[in-house]
Amino acid sequence: MAKIALFGATGTIGSRVLREALDRGHQVTAVVRDPARLADSGAEVVPGDVLDPHSVAEAAAGRDVVVSAVGPGSEDPGTLVAAAKSLIGGVCTLDPDIPRPRVIVVGGAGSLRTPGGPLVWDAAGIPEPIRALMHAHGEALDFLRTVPVEEVRWSCLSPAAQIEPGTRTGTYRLALDDLVVDEDGGSHVSVEDYAVALVDEIERDAHAGKRFTIGY
C-alpha cells in the first residue's frame, strides 16, 4: 500500500486516479482548495494549493508519492509550469536524510513525436488555445527534465492524442516520447485506463526521470 498525496482530485483525470488508487487499497490524501467537494470520496481530504511550495511540502511529508493531476481550467496555461516548479520546490524542502516522496505529473500529448516525425502540436488546424495548453505542458516537462532524479524521483505521464471518459479495460500500450497509435493511425485512450496506467506507475516505479505515454 502506498501513501499518496493527490492534487487535482476533483478533475476529470484526478477523480479517476483517486478512485483507481482507493480501489486498489492505497491510502490517498486528496489535497484540494475546497475539501467539501470530496466529503464522500472515501479519501482523507485536506486543504492545500499546488501553487504554494509550503502547502506542497505539508501534503508531501510522510507520503510515498505526490501526484499532480491539476489542470489550468480557464486560467493561464502557464499555471502548469508554475505547478511543476512548486511541486519540485516543495518536495525539495523536505529533510534530505529521509526518503523524499516520488512525484508523478499528468502531462500532455503535444510534445510527443508522431509516426511521421513532427510533434503532435505541429499539426495544422489545432485551435490556438489548445496549442498554448500543449506548449505549457511541454514547458513543464522541460522543467522536470532539469531535475536530477537523485534529488526527486519524478515521472510524467502523457496521454494519447485523444483522451476522454469511457471504459476501464485495464489494458494499454506504453511508449516514451513517441505517440502510441493503433493500426489505423488513431491515438486514443479512456480516462479510466489512463488512471490505471498512472496507478500502475505508482506501484511499479518504472519511469523515474522520464516522460512516458500510453494508448491502445
Side-chain angles (χ1 to χ4, degrees), residues 6-18 30-34 37 48-53 56 66-90 103-147 154-166 172 174-181 185-195 197-198 201 207 210-216:
L6 173 60
F7 289 89
T10 61
T12 300
I13 292 177
S15 61
R16 270 70 168 189
V17 172
L18 175 63
V31 189
V32 295
R33 292 179 180 177
D34 181 8
R37 295 181 63 187
D49 183 356
V50 73
L51 298 177
D52 178 357
V56 170
V66 179
V67 176
S68 175
V70 172
S74 60
E75 300 177 14
D76 179 359
T79 300
L80 292 168
V81 183
K85 292 180 177 180
S86 178
L87 281 166
I88 298 300
V103 171
I104 301 178
V105 176
V106 170
S111 59
L112 293 167
R113 287 189 298 263
T114 66
L119 303 183
V120 171
W121 62 36
D122 291 327
I126 298 174
E128 283 309 310
I130 301 301
R131 201 185 303 273
L133 181 63
M134 289 178 170
H135 280 279
H137 273 296
E139 188 177 343
L141 176 60
D142 287 343
F143 164 72
L144 289 172
R145 284 173 165 161
T146 69
V147 178
W154 64 269
S155 58
C156 179
L157 175 54
S158 289
Q162 295 182 345
I163 178 171
E164 58 188 5
Y172 54 85
L174 285 168
L176 293 178
D177 294 315
D178 294 298
L179 189 70
V180 177
V181 298
S187 176
H188 57 99
V189 73
S190 70
V191 181
E192 288 75 10
D193 281 335
Y194 179 95
L198 195 147
E201 180 64 18
H207 296 91
K210 298 177 182 178
R211 182 265 295 277
F212 66 109
T213 187
I214 62 166
Y216 294 133

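- One N or O on the side chain of Ser86 and one on the backbone of Val50 form a donor-acceptor pair closer than 3.5 Å.
- Counting all heavy atoms, side chain and backbone alike, Ala161 lies closest to Ser187 at N-OG, 3.0 Å.
- Residues forming a ring pair (Phe, Tyr, Trp, His ring centres under 6.0 Å) with Tyr172 (at least two apart in sequence, or on another chain): none.
- The side-chain contact (heavy atoms from CB on, under 4.5 Å) test with Arg113 singles out one residue from Leu119, Val120, Leu176, Leu179, and that residue is Leu119.
- Shown here are the side-chain contact (heavy atoms from CB on, under 4.5 Å) partners of Pro118, two or more places apart in sequence or in another chain: Thr114, Asp122.
- Listed by chain and number, the residues in a side-chain contact (heavy atoms from CB on, under 4.5 Å) with Ala136 are Pro77, Leu80 (sequence neighbours excluded).
- No side-chain heavy atom of Val105 sits less than 4.5 Å from a side-chain heavy atom of Ser155.
- Applying the salt bridge (Lys or Arg N to Asp or Glu O under 4.0 Å) test to residues at least two apart or on different chains, none of the pairs has a partner in residues 6-15.
- Side-chain contact between Leu157 and Ile214 is present, with at least one heavy-atom pair separated by less than 4.5 Å.
- Atoms OG1 and CG, on Thr213 and Leu174 in that order, are 8.5 Å from each other to the nearest 0.5 Å.
- Listed here is the closest heavy atom pair of Glu192 and Arg16: OE2-NE, 3.2 Å.
- Within the structure, side chain to side chain donor-acceptor pair (under 3.5 Å) contacts touching residues 127-139 (residues at least two apart or in different chains) are Glu128-Arg131.
- For the side-chain hydrogen bond (donor to acceptor under 3.5 Å, both in side chains) test, residues two or more places apart in sequence or in another chain that qualify with Ser111 are Arg211.
- When all heavy atoms of Pro165 and Thr12 are compared, the pair lying nearest together is CG-CG2, 4.2 Å.
- No option in Val103, Ile104, Leu87 other than Leu87 meets the side-chain contact (heavy atoms from CB on, under 4.5 Å) test with Ser68.
- Checked options Thr10, Leu6, Asp49; the residue passing with Val32 is Thr10 (criterion: side-chain contact (heavy atoms from CB on, under 4.5 Å)).
- In this view, Glu201 satisfies the salt bridge (Lys or Arg N to Asp or Glu O under 4.0 Å) rule with no residue, not counting sequence neighbours.
- Although no hydrogens or angles enter the test, the distance criterion places a donor-acceptor pair under 3.5 Å between the side chain of Trp154 and the main chain of Leu144.
- Between the side chain of Ser15 and the main chain of Gly11, a donor-acceptor pair closer than 3.5 Å is present.
- Contacts of Arg145 classified as salt bridge (Lys or Arg N to Asp or Glu O under 4.0 Å), with partners at least two apart in sequence or in another chain: Asp177.
- Using a 4.5 Å heavy-atom threshold, the side chains of Val189 and Tyr216 count as touching.
- Every residue two or more places apart in sequence or in another chain that forms a side-chain contact (heavy atoms from CB on, under 4.5 Å) with Val106 is listed here: Ile13, Ala69, Tyr194, Leu198.
- Applying the side-chain hydrogen bond (donor to acceptor under 3.5 Å, both in side chains) criterion to Arg37, with sequence neighbours excluded, gives no partner residue.
- Among all heavy-atom pairs drawn from Pro159 and Gly107, the shortest one is CD-O, 3.3 Å.
- Evaluation of the side-chain contact (heavy atoms from CB on, under 4.5 Å) rule for Ile130 yields Ile126, Pro127, Met134 as partners, not counting sequence neighbours.
- The two residues Leu133 and Pro72 make their nearest non-hydrogen contact at CD1-CG, 3.5 Å.
- Of the possible polar contacts, none joining the Ser190 side chain to the Gly166 backbone as a donor-acceptor pair under 3.5 Å is found.
- Shown here for Ser158 and Gly108, the closest heavy-atom pair between the two residues is OG-O, 2.6 Å.
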